[in-house]
Protein chains: 2
Amino acid sequence: MACKGIDPDTYFDQNRAPANLQQAHDAVAAFLARLPRDQPIVLVTSGGTTVPLENNTVRFVDNFSAGTRGSASAEQFLELGYAVVFLHREHSLQPFSRHYSHGPEGVLDYLEPDGAGGVRVKAAYAPRMLADLERARAHAASLLQVSFTTLSDYLFLLREVSLLLAPTGPRSMFYLAAAVSDFFIPSHSMAEHKIQSGGGDLTLHMNQVPKFLRPLVKNWAPACFVVSFKLETDQQLLAPKAKHALDKYGHHVVVANLLHTRKWQVWLVTRDRDPYLLEISQDQLRRGHDIEQDIVAELARRHREYSSAE
Amino acid sequence: MACKGIDPDTYFDQNRAPANLQQAHDAVAAFLARLPRDQPIVLVTSGGTTVPLENNTVRFVDNFSAGTRGSASAEQFLELGYAVVFLHREHSLQPFSRHYSHGPEGVLDYLEPDGAGGVRVKAAYAPRMLADLERARAHAASLLQVSFTTLSDYLFLLREVSLLLAPTGPRSMFYLAAAVSDFFIPSHSMAEHKIQSGGGDLTLHMNQVPKFLRPLVKNWAPACFVVSFKLETDQQLLAPKAKHALDKYGHHVVVANLLHTRKWQVWLVTRDRDPYLLEISQDQLRRGHDIEQDIVAELARRHREYSSAE
């Protein structure tokens with residue numbers, strides 16, 4: 001069994017909890033308490049985590065992710081009636097506003113003076129923005145946003161939210177789309193100040209991040225429906241690694257995808273069936289169809305099966 | 001002389017130019033050709049560069065910078081009559097829209113339906129947005145934006161723009177506020193695919209990035225007025241490192257600042273004078289006064305002296 005690196009509990013002992021942990025706990029608890037009893041729940045994680053190289057952080061290792069998949073998926077879950085806890089990287093894409101925040105244009109490019117001292121959205125953008133604004137408002141009561149930056153923030157928040165979701169059992173899905181670092185520099189071996197560049201080359205030793213899917217599935221939220229993601233660049237590794245993860249962690253589905261085709265092709269991998277291919281055409285893609293619609297619809301279907309079988 | 005690592009020319013031979021290089025060249029050349037002959041010019045660089053750890057990039061080392069200093073400074077240069085080439089990290093803060101793009105609120109939080117099928121900016125935000133919109137429009141002809149992501153993109157674009165600015169001589173200022181990586185992984189020794197985490201710990205060997213300020217000042221744009229930035233976390237190192245850089249590269253000013261006080265305290269360091277402290281009060285800061293107003297005003301003054309002395 002390849003179980004290298006430190007124990008998850010040791011990780012929490014050796015790292016500092018994020019400043020927003022208690023606030024996030026209270027917000028999630030209050031959010032869950034307000035939900036109708038039969039509303040399905042999903043925790044969507046989104047965006048990449050950072051690993052600081054210095055305690056006074058100037059440099060960090062980051063994972064590529066704008067939060068496209070997570071934010072688009074959160075919208076779809078809301079449309080299907082889910083309550084969504086959206087645990088996302090600060091400044092990454094968010095549901096409903098995602099089309100407007102990372103475009104080549106700045107915010108102001110959508111706007112113009114209305115001639116009467118106010119500002120309005122240009123006519124070319126208004127219909128779509130109006131639709132997104134109305135969808136955002138319609139779903140506001142079913143969406144809770146919590147943000148993280150570092151790997152450590154993310155892991156503390158993931159554990160906290162998992163423990164709060166645990167009592168909801170099969171009613172809750174975990175949709176772990178965040179791009180989480182595999183390696184980290186333990187806080188005690190980190191440089192205190194900015195690493196100086198005068199000394200020539202730099203060698204960084206990083207430890208493997210403990211596999212948190214294991215305690216999540218076994219201890220934190222054992223009755224919930226858990227979906228993890230696997231992004232690779234080498235197609236040969238994709239299916240074997242997905243199957244291996246399912247065997248190792250005992251969760252329910254791996255959404256497997258390749259870096260360069262991820263916007264139109266994913267496989268849902270489960271232990272007992274062949275990988276289930278979801279694919280959209282280039283034409284659908286151009287017309288603005290997000291593959292997340294298909295992913296989320298299929299997972300919601302499987303989640304319903306799972307909860308009604310309990 | 002501490003001149004470790006490879007030669008800048010070798011770097012350009014061993015790395016690939018960014019896809020937007022020719023387009024950026026043409027845009028900058030056309031922009032410069034359109035300017036009134038007596039308008040001062042500044043190249044403002046802004047945001048952090050990334051260093052990919054893999055050729056098919058999933059992970060990268062990043063430098064902390066939202067682009068706050070660069071975007072605020074670009075606004076100030078425009079207000080003082082400069083033409084600005086704004087070479088910035090993709091999705092980092094931009095002049096005039098900077099107050100709206102990285103806030104806790106998404107774009108949609110500023111907006112509401114106008115009740116007649118359109119969308120308007122909420123009354124609480126409208127006056128400030130209107131003012132920023134009008135400033136952006138007033139200065140549109142004097143602002144050219146060029147974007148980068150990786151260290152390599154940045155260096156190729158910096159050289160290209162420098163060579164285009166060179167003929168303008170003392171009329172042009174370089175305001176190098178971008179947070180540029182000090183270490184990189186040469187393309188030929190990078191992993192082809194996503195680094196696998198099954199094998200335990202990870203050791204990264206990074207080379208020191210060649211000091212590009214040297215060829216910039218000596219060869220690319222020798223008659224221009226060059227301002228570099230130094231960010232440290234350790235106050236003891238700040239002044240000596242700034243003086244050392246001036247001696248080594250032969251440029252004109254170092255703007256020196258500390259990570260945790262950079263929003264209200266900077267020193268302008270030159271070879272022949274004591275460091276010149278610029279400082280604003282916490283009260284000014286709260287009332288929205290940007291220290292970049294003071295930095296840019298003082299540098300513009302020195303730039304005028306420099307150009308009239310030629």
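Lettering of chains follows the sequences in order, A, B, ..., and the numbering in each one begins at 1.
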By a 4.5 Å heavy-atom criterion (distance strictly below it), what part of B/E112 contacts chain A: side chain, backbone, both, or neither? both
Identify which part of B/D114 has an atom lying under 4.5 Å from any heavy atom of chain A, answering side chain, backbone, both or neither. neither
Atom [atom1] in [X], atom [atom2] in [Y]: separation rounded to 0.5 Å?
| X | Y | atom1 | atom2 | result |
| --- | --- | --- | --- | --- |
| A/L53 | B/M206 | CG | CE | 8.0 Å |
| A/D62 | B/N63 | CG | CG | 11.5 Å |
| B/D201 | A/L204 | CG | CG | 12.5 Å |

Can you see which heavy atom on [X] is nearest to which on [Y], and at what distance?
| X | Y | answer |
| --- | --- | --- |
| A/H205 | B/T203 | ND1-OG1, 3.2 Å |
| B/A126 | A/G118 | CB-CA, 4.4 Å |
| A/L133 | B/L108 | CD1-O, 3.6 Å |

Atom CD of B/E79: over 12 foreign heavy atoms under 6.0 Å: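 For B/E79, atom CD is crowded (more than 12 foreign heavy atoms under 6.0 Å).
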B/K243 NZ: over 12 foreign heavy atoms closer than 6.0 Å: yes
Comparing B/R120, B/R137, B/Q145 against chain A, the one with the most heavy-atom pairs below 4.5 Å turns out to be B/R137
Can you tell which of A/D132, A/L111, A/L130 makes a side-chain contact (heavy atoms from CB on, under 4.5 Å) with B/V119?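 Result: among A/D132, A/L111, A/L130, A/L130 is the only option passing the side-chain contact (heavy atoms from CB on, under 4.5 Å) with B/V119.
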